[in-house]
Amino acid sequence: MFVSENLSVNEKGNLTINGADTTVLAEKYGTPLYVMDEDMIRKHCRTFRKSIETYYDGQGMACFASKAFSCKEIYRVMQQENMGIDVVSSGEMYTAFKAGFDMSKAVFHGNNKSSEEIDMALEMKVGRIVADNIFELETLDKKAKEKGVKISVLLRIKPGVDAHTHSFISTGQIDSKFGFALETGEAFDAVKKTLECPNLEFRGLHCHIGSSILDTQGFVAAAEIMMKFIKQIKDELGFEVSELNLGGGFGIRYVESDDPLPYDEFMNAVAKVVNSYCKENDVKRPFILIEPGRSIVGPAGITLYTVGGRKTIPDIRTYVSVDGGMCDNPRYILYQAEYDAVVANKASEPKTEKVTIAGRCCETGDMIGENMSLQHCEPGDIIAVCATGAYNYSMSSNYNRICKPAVVFVNSDSDRLVVKRETLDDIISNDI
Ligand SMILES: *Cc1c(COP(=O)(O)O)cnc(C)c1O
């Protein structure tokens, strides 16, 4: 009935998330409101960690790609769940550090890390840096020398796999701003270069083939390509690669028709490739890292809005306006992302309408979705948009000087504020 398994209806006919009545949460904290199911986030972490135990004898680390949802409390949860994290900016690093996260379990990504960000990573003793280009390798080597440290480096590789067509596309994938291309020999040269840098410790390779991937083919193809490259490095350079980071990208259910595989099946399919390749080719199995973002937090979150005006344009459409929109969820205006929605205070009623849920910003394209099935709603009703836990809060903006919503975590016995609602004074806090 609902796209996420943590959603249900209580005896009052109200939508619940992990047992908590969403209309009560809307009343208590106000709307728009992000609500995240903490138990589900922890459950997903454990699933990925267990897969590493099962398929790689524990020789690996699951890292939460924190760009999907970043605030201090999520890093505390990740620390408690024994997860690593991915960070891509000084802002994410700083947040994690301030939350007390063990930065040796952080992996620093990005195609244009600034000099200040690299300094910060070294100061905080970030465990691994994934280098994206030759200029960065040279910068890292120089900085390591200056500071008298060795930097653990992985190289970001473009494996030439298009995650969505599963075909091996050369031009399409070479044309990416991220990483070193395999086909042109660029990646192999980068490995040689890293090995020659006296202040860098070459740990291994990284790839990330895309996002919202719903089946295993692309992951399997990428793993095969990366293992072959590891063998080439061993044969031609006599170096055993000790780590392989296979990225993230596991898809989730946004709408009824999405049918993602259980995460454990992704992990099993890829592990079969890695394990059998190692056995058959006399290659030592590298320590495996994975970087799920969306799949950990996406299904755990919902956004609650209060309905404002309705506008029916005869024979065209009905607009239902809500008190949020592209500022808290830019995924529709960015790429026409689809969502499922429920009128939270009428959740047991049938969905009798098709409406366009419009945001409140001064942009025609500001919508949560078009042609969405919904219970009949009126001003004052609460709409819940489902599976908004990933890339909503983290992509939110202050366009139109709209304050960002609060974030609340719910677990089986309580709810708590983890990010306060922005205030008007926050909005002008940097204005001179
Ligand atoms: C975005 C990203 C991820 C996470 O992707 P999801 O689709 O959220 O799982 C992992 N690794 C890298 C390098 C990324 O850029």
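Source: prediction; values computed, not measured.
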Can you confirm if the aromatic rings of Tyr391 and Phe69 lie within a centre distance of less than 6.0 Å?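 No, too far apart.
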
[Y] side chain reached by [X] side chain, heavy atoms, under 4.5 Å:
X	Y	value
Ile427	Glu422	yes
Glu116	Met120	no
Asn245	Leu205	no
Val322	Pro32	no
Phe219	Leu246	no
Glu136	Arg156	no
Ile296	Met78	yes
Val87	Ile85	yes

Looking only at the side chains, is there a donor atom on one of [X] and [Y] sitting less than 3.5 Å from an acceptor on the other?
X	Y	answer
Thr303	Thr388	yes
Arg317	Thr356	yes
Ser70	Tyr75	yes
Tyr305	Asp328	yes
Glu291	His206	yes
Thr423	Asp426	yes
Asp415	Tyr29	yes
Thr139	Lys113	no
Asp264	Ser51	yes

Does [X] pair with [Y] as a salt bridge, N-O distance under 4.0 Å?
X	Y	result
Arg360	Asp323	no
Glu73	Arg76	yes
Asp119	Lys143	yes
Lys354	Glu370	no
Lys284	Glu240	no
Glu138	Lys193	yes
Glu243	Arg203	yes
Lys177	Asp132	no

Minimum heavy-atom distance between [X] and [Y], given as atom pair plus value:
X	Y	answer
His44	Ser295	ND1-O, 3.1 Å
Arg253	Pro260	N-CG, 3.7 Å
Asp86	Ser66	O-OG, 2.7 Å
Ala62	Ile52	N-CD1, 4.2 Å
Cys207	Ile157	CB-O, 3.6 Å

Contacts under 3.5 angstrom, residues 95-108 side chains, donor-acceptor by atom type, not counting sequence neighbours:
| unit_1 | atom_1 | unit_2 | atom_2 | d |
| --- | --- | --- | --- | --- |
| Thr95 | OG1 | Gly91 | O | 2.6 |
| Asp102 | OD1 | Ser104 | N | 3.0 |
| Asp102 | OD1 | Ser104 | OG | 2.7 |
| Asp102 | OD2 | Ser104 | OG | 3.2 |
| Lys105 | NZ | Asn82 | OD1 | 3.2 |

Roughly how far, to the nearest 0.5 Å, is [atom2] of [Y] from [atom1] of [X]?
X	Y	atom1	atom2	answer
Phe188	Glu186	CZ	CD	14.0 Å
Ile288	Met267	CD1	CE	8.5 Å
Glu38	Ser412	CD	OG	9.0 Å
Met367	Asn329	CE	CG	13.5 Å
Asn411	Ile41	CG	CD1	10.5 Å
Tyr277	Ile230	OH	CD1	9.0 Å

Without swapping roles, check the side chain of [X] against the backbone of [Y] for a donor-acceptor pair under 3.5 Å.
X	Y	result
Asn398	Arg401	no
Glu117	Ser114	yes
Asp366	Cys361	yes
Asp141	Asn199	yes
Ser152	Glu201	no
Lys145	Leu140	no
Asp258	Val255	yes
Thr16	Ser8	yes

Flag if over 12 foreign heavy atoms under 6.0 Å of [atom1], [X]:
X	atom1	answer
Asp431	CG	yes
Lys147	NZ	yes
Gln80	CD	yes

Should Arg49 and Glu81 be marked as a salt bridge (charged side-chain N to carboxylate O under 4.0 Å, His left out) after you check the CA-CA gap, both sets of side-chain angles, and the distance that decides it? CA-CA 9 Å; Arg49 288 197 50 236; Glu81 293 299 327; 5.4 Å; no

When you look at Ser4 and Phe2, which way does the side-chain contact (heavy atoms from CB on, under 4.5 Å) test go after all the steps? CA-CA 6 Å; Ser4 306; Phe2 298 110; 5.9 Å; no

NZ or CZ of Arg416 within 45° of Phe409 ring axis and under 6.0 Å: no

Cation-pi between Arg294 and Tyr254: NZ/CZ under 6.0 Å from ring centre and within 45° of the ring axis?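 The answer is no; the distance or angle limit is not met.
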
Can you check side chain to side chain donor-acceptor pair (under 3.5 Å) on Arg331 and Tyr339, steps first, answer last? CA-CA 10 Å; Arg331 293 187 68 256; Tyr339 285 97; 2.7 Å; yes

Criterion salt bridge (charged side-chain N to carboxylate O under 4.0 Å, His left out) on Asp37 and Lys43, from CA distance to verdict: CA-CA 10 Å; Asp37 175 353; Lys43 188 183 95 179; over 6 Å; no

Go through the steps to decide whether Asn6 and Asn18 satisfy the test side chain to side chain donor-acceptor pair (under 3.5 Å), and finish with yes or no. CA-CA 5 Å; Asn6 56 353; Asn18 191 8; over 6 Å; no

